[in-house]
Amino acid sequence: MSTGSRRPSLRTRVAVVAAASFAAASLGAGLGAAPASADVHRGVNGCFAWSWGDGNTSVTVYWHNRCQNKRKLKIKYSLGWTTKNYTAVVGSDGKGHKRFQTASIVSITDGGRA
């Protein structure tokens, strides 16, 4: 019979640390921490390329007018019980962004020449 120490093997210690880390991360996610990977939505409508990511308390929409003339960007968003519209006039090759508090994006469209 061997008289070696009764310390757990390195593999066992690594497994215990990994399990503890996973449990701690799970608790953090349950307490309102940001998700590991939020969805990013990208698209093109008419002259506009746009993107926005799912946020916890707000959503920021980014856009770029890729045409050679001034255009209207129309964003329709929901506040849960109602929908509202936001319109921006964007110059040629113009970029911008708008933050929407506690909203979800319904649609983003090119409103035509301004």
Side-chain angles (χ1 to χ4, degrees):
M1 194 172 331
S2 159
T3 59
S5 78
R6 293 224 174 240
R7 287 181 25 178
S9 71
L10 178 61
R11 182 178 288 172
T12 303
R13 285 183 282 172
V14 168
V16 169
V17 169
S21 297
F22 179 75
S26 297
L27 286 174
L31 297 174
S37 63
D39 287 336
V40 175
H41 308 272
R42 299 179 197 280
V44 174
N45 188 286
C47 289
F48 289 99
W50 52 263
S51 68
W52 57 274
D54 293 331
N56 288 336
T57 60
S58 67
V59 174
T60 303
V61 178
Y62 298 88
W63 61 79
H64 176 210
N65 177 3
R66 302 179 310 162
C67 287
Q68 297 300 317
N69 50 43
K70 194 183 292 188
R71 308 287 291 189
K72 289 185 225 169
L73 173 71
K74 295 187 176 199
I75 301 174
K76 186 175 184 178
Y77 60 99
S78 170
L79 294 174
W81 64 93
T82 185
T83 58
K84 295 193 173 196
N85 295 304
Y86 172 81
T87 302
V89 176
V90 184
S92 170
D93 196 36
K95 296 179 181 181
H97 66 278
K98 171 70 175 163
R99 180 178 175 191
F100 297 94
Q101 198 68 24
T102 64
S104 59
I105 305 301
V106 175
S107 65
I108 301 173
T109 56
D110 183 343
R113 290 182 94 130

Checklist outcome for this item: Between Cys67 and Ser92, the two heavy atoms sitting closest are O-OG, 3.2 Å
Checklist entry - Can you tell me how far CZ of Arg71 sits from CZ of Arg113, rounded to the nearest 0.5 angstrom? => result 7.0 Å
Checklist entry - Just how far is it from atom NE2 of His97 to atom OG1 of Thr60, taken to the nearest 0.5 Å? => result 7.0 Å
Next on the checklist: If you compare all heavy atoms of Ser78 against all heavy atoms of Gly80, which two are closest, and at what distance to 0.1 Å?
Outcome noted: OG-N, 3.1 Å
Checklist entry - Can you check side-chain contact (heavy atoms from CB on, under 4.5 Å) on Val59 and Gln101, steps first, answer last? => result CA-CA 7 Å; Val59 174; Gln101 198 68 24; over 6 Å; no
Checklist entry - Quick one: are Asp93 and Gln68 in side-chain contact, heavy atoms under 4.5 Å? => result no
Checklist entry - Checking side-chain contact (heavy atoms from CB on, under 4.5 Å) for the pair Lys76/Lys84: CA distance, chi angles, key distance, verdict? => result CA-CA 6 Å; Lys76 186 175 184 178; Lys84 295 193 173 196; over 6 Å; no
Checklist outcome for this item: Looking only at heavy atoms, the pair that brings Ser58 and Arg99 closest together is OG-NE, 3.3 Å
Checklist entry - Can you check whether Asp110's main-chain N or O pairs, donor with acceptor, with Asn45's side chain at less than 3.5 Å? => result yes
Next on the checklist: Parallel, tilted or perpendicular, judged at 30° and 60°: which one describes the rings of Phe100 and Tyr77?
Outcome noted: tilted
Checklist entry - Of the non-hydrogen atoms in Cys47 and Asn65, which two are nearest, and what is the gap between them? => result CB-OD1, 3.5 Å
Checklist entry - Applying the 4.5 Å side-chain criterion to the ILVMFWY set and letting contacts propagate, would Tyr62 and Leu73 be lumped into a single cluster? => result no
Next on the checklist: Between Trp63 and Ile75, is the side-chain contact (heavy atoms from CB on, under 4.5 Å) condition met? List the steps.
Outcome noted: CA-CA 11 Å; Trp63 61 79; Ile75 301 174; 4.1 Å; yes
Item to check | Same cluster (ILVMFWY, side-chain, under 4.5 Å), Val44 and Val90 | outcome: no
Checklist entry - Are Ile108 and Val89 connected in the hydrophobic side-chain network, where two residues link if heavy atoms are under 4.5 Å apart? => result no
Item to check | Interatomic distance, Lys72 atom NZ to Phe48 atom CZ [nearest 0.5 angstrom] | outcome: 11.0 Å
